[in-house]
S.K.: 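Encoded as structure tokens, here's the structure I'll be asking about.
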Amino acid sequence: MSPHTARKGRVRRSIAIGLPLAVVAALAVTGTATGRSAGGHGEARVTAAATLDDIPLGTFSNKLLPGTVKDDRGVDLGGIGSDLYPTGRKGEFWTVTDRGPNGQIKVDGKKRRTFPVPGFDPAIVKIRVRGDKVEVVSALPLTTSSGKPVTGLPNQEGRDEAPYSYDAKTPVSYDPNGLDTEGLVRAPDGTFWLVDEYGPSLIHVSARGKVIKRYVPRGLKLRGADYPVVEALPDVLLHRKTNRGFEGLAQLPGGDLVMAVQSPLSLPDEGAGEESRTARLLRFSPAKQAVTAEYAYRFDPVGLVDPGEDDTSELKISSVVATGRDKLLVQERTDKAARLQAVTLDRDANILGSKWDRSTTRPSLEELDDSASSGVHVLRKRLVVDLNTVEGVPDKIEGVARVDRRTLALINDNDFGMSDGPEAFDKDGRLVDSGTETTVTYVRLPRRY
């Protein structure tokens, strides 16, 4: 019996998804809604549930691009929770995978980044909800100008983590085409915009999945990519923390894009970034093909976001969602907790081209404990919902979609069922699945946001 077959019988957690509002209302009336506030109207609550079935990763990948995955090591399709964007049809969303199955194993006291399925190609995946199931409607593999897979492998030796085989014993080749895709939006012309953690970069993708152009920080000097690469982003982004580049992406009503750096930059060094609570949002004009604004965003203390957590470096922005002209929802999270804040992009808060946009400034923006006293206009925010208090919301929410002015759809990243450490695979090199499912959670808020 294959590992895929053996997992068929495991019990799934009940989760929620963006069903049509009439269905959601009916479910709530019949008692399907879960959570402490299911019977009342004063708190946010989960209102319906669905789960993505097991689909062998090799089957999924090779259907899109034959021969890309020779051995999926028993891994199922997952990791599609990097973002969530409505298709315009009820119950349907665009999602995007991250770079593929990956983990960490310590060798001689140092962590190595593993890629057990190195041939995996990141993909844009359209999903639909039917009852308690999430179905894959279609998928677009991300490809280069010549039609080859971009892969999810790191780009540059010395800048990105070195890639290794599933057991961390054998080095894997770097790939300048590789993308660690995260945020996703669809433009009115049918093309897609994605953000990536490696560069970090903003990627314009055709309606069929081909990379049109990749925008990276000035000075990155990425060579050998099989698609156009343009150095159009501020060079201060070269100081992004490893594996913490762009994660959130929003599309404003006028067409501008807002990109969120997942964590504070490592300025002037890694230690300062680990202790900082100041991250950055950037505004990009597709018409001008240029960044037009940059903003300082201040996290709440980590213990407020995730009670019991005391490591500030665990704070991340994983999703940003447009709610109106110059208005956003920004998700602050750790792997176990998340809160959504309403934010307005104040023109007076633009730091693009200022001294705070230069890596030589001391103290750096990231080092400031009191930004206001230093003349930095940090974006104002208002708490919309603390998802820690909503029973039924899973861990590691990375994608948020706006359904209406009181309803949100959320999706988690299940990391392809992988965990860190040598125990992630059995003696035959087959995945020991973590049991975490890909979920989408439909949350009804008590008031408009």
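Treat the numbers as computed from the prediction; the structure is a model and nothing was measured.
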S.K.: Is R186 positioned over the aromatic face of Y85, cation under 6.0 angstrom from the ring centre and no more than 45 degrees off axis?
M.R.: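 No, R186 does not sit over the ring of Y85.
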S.K.: Have a look at E332 and tell me which of K381, R339, R277 forms a side chain to side chain donor-acceptor pair (under 3.5 Å) with it.
M.R.: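 Going through K381, R339, R277 one by one, the side chain to side chain donor-acceptor pair (under 3.5 Å) with E332 is satisfied by K381 alone.
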S.K.: Would you call the rings of F425 and Y166 parallel, tilted or perpendicular if under 30° counts as parallel and over 60° as perpendicular?
M.R.: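 Perpendicular, since the angle between the ring planes exceeds 60°.
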S.K.: Verify whether one side chain among E366 and T278 offers a donor that lies under 3.5 Å from an acceptor in the other.
M.R.: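 No, T278 and E366 have no side-chain donor paired with an acceptor closer than 3.5 Å.
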S.K.: Output yes when a side-chain donor or acceptor of T191 lies under 3.5 Å from a complementary backbone atom of A187, and no otherwise.
M.R.: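 It does not hold such a pair.
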S.K.: Determine, step by step, whether F120 and F115 satisfy the ring pair (Phe, Tyr, Trp, His ring centres under 6.0 Å) criterion, reporting the C-alpha distance in whole Å, the side-chain angles of both residues, the deciding distance to 0.1 Å, and the verdict.
M.R.: CA-CA 9 Å; F120 174 77; F115 287 81; over 10 Å; no
S.K.: Keeping the roles fixed (side chain from D420, backbone from Q104), state whether a donor-acceptor pair exists under 3.5 Å.
M.R.: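 Present.
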S.K.: Might you work through the side-chain contact (heavy atoms from CB on, under 4.5 Å) test for I411 and F93, ending with a clear yes or no?
M.R.: CA-CA 10 Å; I411 190 167; F93 300 90; over 6 Å; no
S.K.: Verify whether one side chain among R99 and N243 offers a donor that lies under 3.5 Å from an acceptor in the other.
M.R.: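 Per modelled atom types, R99 and N243 side chains form a pair under 3.5 Å.
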S.K.: Does the T114 side chain pair with the main chain of Y164, one donor and one acceptor, at a distance under 3.5 Å?
M.R.: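 Flag not set: sc T114 to bb Y164 has no pair under 3.5 Å.
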S.K.: Please confirm whether the backbone N or O of R208 pairs with a side-chain atom of K210, one donor and one acceptor, at under 3.5 Å?
M.R.: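 No: the side chain of K210 does not pair with the backbone of R208.
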S.K.: Would you say D121 and T68 are linked by a side-chain donor-acceptor pair, where the criterion is simply a distance under 3.5 Å?
M.R.: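 Not at all, the side chains of T68 and D121 share no donor-acceptor pair under 3.5 Å.
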S.K.: If you measure only the distance, is there a donor-acceptor pair under 3.5 Å linking the side chains of S201 and R214?
M.R.: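 Distance-only check passes for S201 and R214.
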S.K.: Give a yes or no on whether the backbone of P200 and the side-chain of D196 come within a donor-acceptor separation of less than 3.5 Å.
M.R.: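 Flag not set: sc D196 to bb P200 has no pair under 3.5 Å.
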